[in-house]
Amino acid sequence: MGVDPARTERGGYGETLFEPWRPGEGERIDLGSLAYDGATRRRLLAVGAGPGTRCLEIGAGTGTIARWLAEEVGVAEVLAVDRDVRFLEPHTGGPLRTLAADVTAPDFEPGRFDLVHARFVLMHVPEHRRLAARLCGFLAPGGHLVLGDAVDLTSSAPPDTPYRQAMRAMWRALRETIGTDVTWTPQYPRLLAELGLTDVGAEITVPPLTADGPITAFWLDTWRRSRSAVLATGLVTPDRLVLAERALADGTAADLSPGLITAWGRRT
Ligand SMILES: C[S@@+](CC[C@H](N)C(=O)[O-])C[C@H]1O[C@@H](n2cnc3c(N)ncnc32)[C@H](O)[C@@H]1O
């Protein structure tokens, strides 16, 4: 899908589409964290995060995972990288340090970390394969790469409900404005195996779209913030979008949220 520069102002994640300078962007990211942190924490513990672990958290956002690693798991260090570190900076200190940088830029010595984690980041980065290979290079022997991203379970299939049309339009809008691509994320296990990692595994978490669920509030806010780009795709009409919002808000969408696919592998 090409980008129409007349219609959209293209930028990386957090530069234009979600209006990160407006109040509420931290809260929106936190809603996503509330929905998915349990699954991420379980996986990071399962691959061995614990006292002594040297961690690199890529695209750390508001830092719910970085802070948990530093404050509750008691790891040796967490370096949290994001181009927007304003949510992270108040929490730095002790084992938690921040680095304001593009995720594709930092260069660390090979084997510097025991755990490298990125969630909802590579899907927004056009050169995701190259970035995954770079992240592998930062792992010490025996260290783990854990990557999480969205998996779209509904938008390409019938029925053509307002919810599915809105989701389809949202993924198209993200693609056209940020370059987000979730079509490849089911290939994560293969990607990690091709990078030479062993003990590769993957799992999917799908939080329920209940009226009071944090993921429901997350999608409503995401649609609201990206509304003009969503409508500009022509894949959903304003009326259908309102119906989709209503169905989400009152818990009657009766459908699946996009899931979190978490994939992991170990460097030998
Ligand atoms: C959807 S948020 C996810 C935040 C966090 N990982 C989580 O799961 O809650 C994506 C984060 O990645 C950061 N990000 C995306 N692309 C980036 C890039 N190329 N360089 C630096 N940060 C980037 C954004 O600023 C944002 O904080």
Side-chain angles (χ1 to χ4, degrees), residues 10-22 24-44 49 55-70 78-92 96 98-108 115-132 134-135 145-152 170-171 173-175 177-182 185 188 204-205 207 214-215 217-219 221-223 225-226 257-264:
R10 185 164 180 161
Y13 184 98
E15 287 177 326
T16 53
L17 189 65
F18 296 121
E19 304 173 334
W21 55 90
R22 285 232 190 128
E25 176 59 356
E27 286 80 354
R28 189 185 70 89
I29 293 179
D30 273 348
L31 285 167
S33 303
L34 263 179
Y36 293 115
D37 273 6
T40 300
R41 290 177 180 195
R42 277 191 294 282
R43 183 46 49 195
L44 294 180
C55 311
L56 177 63
E57 174 74 2
I58 289 287
T62 58
T64 58
I65 293 299
R67 274 150 46 202
W68 167 76
L69 285 166
V78 187
L79 180 57
V81 181
D82 203 294
R83 64 154 64 98
D84 179 1
V85 292
R86 82 201 127 113
F87 305 118
L88 292 163
E89 268 172 344
H91 305 283
T92 52
L96 178 58
T98 58
L99 176 65
D102 192 281
V103 292
T104 55
D107 214 2
F108 303 106
L115 173 65
V116 177
H117 173 244
R119 188 180 66 184
F120 301 129
V121 179
L122 272 71
M123 61 192 250
H124 300 300
V125 176
E127 60 280 17
H128 64 267
R129 186 172 277 271
R130 199 159 359 119
L131 177 54
R134 253 170 92 73
L135 298 179
L145 180 63
V146 181
L147 298 176
D149 269 309
V151 60
D152 172 17
M170 180 197 76
W171 290 123
L174 263 55
R175 182 91 179 243
T177 53
I178 298 174
T180 303
D181 183 3
V182 296
T185 62
Y188 251 131
I204 292 179
T205 308
I215 199 64
F218 175 82
W219 292 124
D221 198 30
T222 300
W223 290 353
R225 281 175 174 260
S226 55
S257 168
L260 164 68
I261 179 165
T262 307
W264 61 90

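Atoms within each ligand, like the ligands themselves, are counted from 1 in listed order. Worth knowing before you read on, the calculation uses all heavy atoms, side chains too, and leaves out hydrogens, waters and symmetry mates.
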TODO: Could you check which of I65, D84, T180, D82 puts a non-hydrogen atom nearest to atom 25 (O) of ligand 1?
DONE: D82
What are the two closest heavy atoms between [X] and [Y], and how far apart are they?
X	Y	result
L147	A132	CD1-CB, 4.3 Å
Y36	S257	OH-OG, 3.9 Å
T185	I261	O-CD1, 3.6 Å
G59	V103	N-CG1, 3.8 Å
G61	L88	O-CG, 3.5 Å
R134	A105	NH2-O, 3.2 Å

Any atom of ligand 1 sitting under 4.0 Å from a heavy atom of [X]?
X	answer
D102	yes
G32	no
A101	yes

- [ ] Could you grab the distance from atom CE of M123 to atom CG of L174, nearest 0.5 Å is fine?
- [x] 6.5 Å
Should [X] be counted as touching ligand 1, given the test is an N or O pair under 3.5 Å?
X	answer
R83	yes
E57	no
V103	yes
G59	yes

TODO: Apply side chain to side chain donor-acceptor pair (under 3.5 Å) to the pair T64 and D37, showing each step before the final yes or no.
DONE: CA-CA 8 Å; T64 58; D37 273 6; 2.9 Å; yes
Output the list of atoms in ligand 1 that are nearer than 4.0 Å to some heavy atom of [X], sorted by atom number.
X	value
S33	9 (O)
G61	4 (C), 27 (O)
I29	9 (O)
A60	5 (C)

